[in-house]
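Hydrogens, waters and symmetry mates are skipped; everything else that's a heavy atom, side chains included, is used. Residue indices begin at 1 and follow the sequence shown.
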Amino acid sequence: MSSIKERVQSVLDRIRPQIQMDGGDVELVGIDDNNVVTVRLTGACVGCPMSQITLKNGIERIIKHEIPEIVSVESAD
């Protein structure tokens, strides 16, 4: 079985094209011992008022659905 990091990266790779369509991107920074994922939103996401909604209602929702052991997804900013 793949590690949690590999599984999270796989999910990010699948949702990345939708974020890139709006000029942004997302990169995995890390996963702590409590299964909290840290990501960095880049490109057009930086400073975008919708980036927190994208992070919580999009990225976090999808990752937690596919990898239930993930507690939350936070921004590295």
Side-chain angles (χ1 to χ4, degrees):
M1 183 170 198
S2 301
S3 73
I4 288 181
K5 185 175 182 177
E6 291 170 329
R7 292 164 60 204
V8 169
Q9 188 62 61
S10 176
V11 173
L12 290 176
D13 289 345
R14 283 202 323 273
I15 62 178
R16 180 172 281 117
Q18 286 108 346
I19 296 169
Q20 290 174 335
M21 283 175 34
D22 290 328
D25 207 346
V26 60
E27 61 185 49
L28 178 61
V29 174
I31 305 169
D32 71 14
D33 292 338
N34 297 316
N35 286 340
V36 174
V37 174
T38 304
V39 297
R40 180 173 292 114
L41 295 171
T42 61
C45 293
V46 176
C48 174
M50 299 299 287
S51 65
Q52 198 61 25
I53 293 169
T54 298
L55 178 69
K56 291 296 180 180
N57 294 347
I59 298 168
E60 181 179 76
R61 182 182 55 81
I62 294 166
I63 288 175
K64 286 174 69 175
H65 174 76
E66 297 203 19
I67 311 168
E69 54 265 49
I70 295 300
V71 174
S72 70
V73 177
E74 304 297 330
S75 177
D77 303 346

Not counting sequence neighbours, which residues clear side-chain contact (heavy atoms from CB on, under 4.5 Å) with [X]? List them please.
X: T38; value: V29, A76
X: I62; value: V11, I15, E66
X: R61; value: none

How many angstroms lie between CG in L28 and OG in S10, if you round to the nearest 0.5 Å?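 If I round to the nearest 0.5 Å, the distance is 11.5 Å.
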To the nearest 0.5 angstrom, please state how far the CD1 atom of I31 sits from the CD1 atom of I67. 7.5 Å
Show which residues join V36 in its hydrophobic cluster (side-chain heavy-atom contacts under 4.5 Å, direct or indirect), or state none.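 Reading the cluster by chain and number, V36 sits alongside V71.
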Each residue besides M21 in its hydrophobic cluster should be listed here, by chain and number; the cluster joins Ile, Leu, Val, Met, Phe, Trp and Tyr at side-chain heavy-atom distances under 4.5 Å. none
What pairs meet the side-chain hydrogen bond (donor to acceptor under 3.5 Å, both in side chains) rule with one or both residues in residues 42-55, with sequence neighbours excluded? none
Does K56 have more than 12 heavy atoms from other residues, nucleotides or ligands lying within 6.0 Å of its NZ? yes
Per the salt bridge (Lys or Arg N to Asp or Glu O under 4.0 Å) rule, what does the pair list look like for residues 26-39, sequence neighbours excluded? E27-R40
Partner set under side-chain hydrogen bond (donor to acceptor under 3.5 Å, both in side chains) for [X], not counting sequence neighbours:
X: N35; answer: none
X: S72; answer: E74
X: Q9; answer: D13
X: D22; answer: none

Between R16 and D25 (side chain of the first, backbone of the second, donor and acceptor by atom type, cut-off under 3.5 Å), is there such a pair?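 A pair under 3.5 Å: no.
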So do the side chains of I59 and V37 get within less than 4.5 Å of each other, counting heavy atoms only?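 The answer is no; the side chains never approach within 4.5 Å.
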Would you kindly confirm whether I4 and L12 end up in one hydrophobic cluster when ILVMFWY residues are joined by side chain heavy atoms under 4.5 Å apart?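 Looking at the clustering, L12 is in the same group as I4.
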Heavy-atom closest pair (V46 atom, L41 atom, distance to 0.1 Å) is CG2-O, 3.5 Å
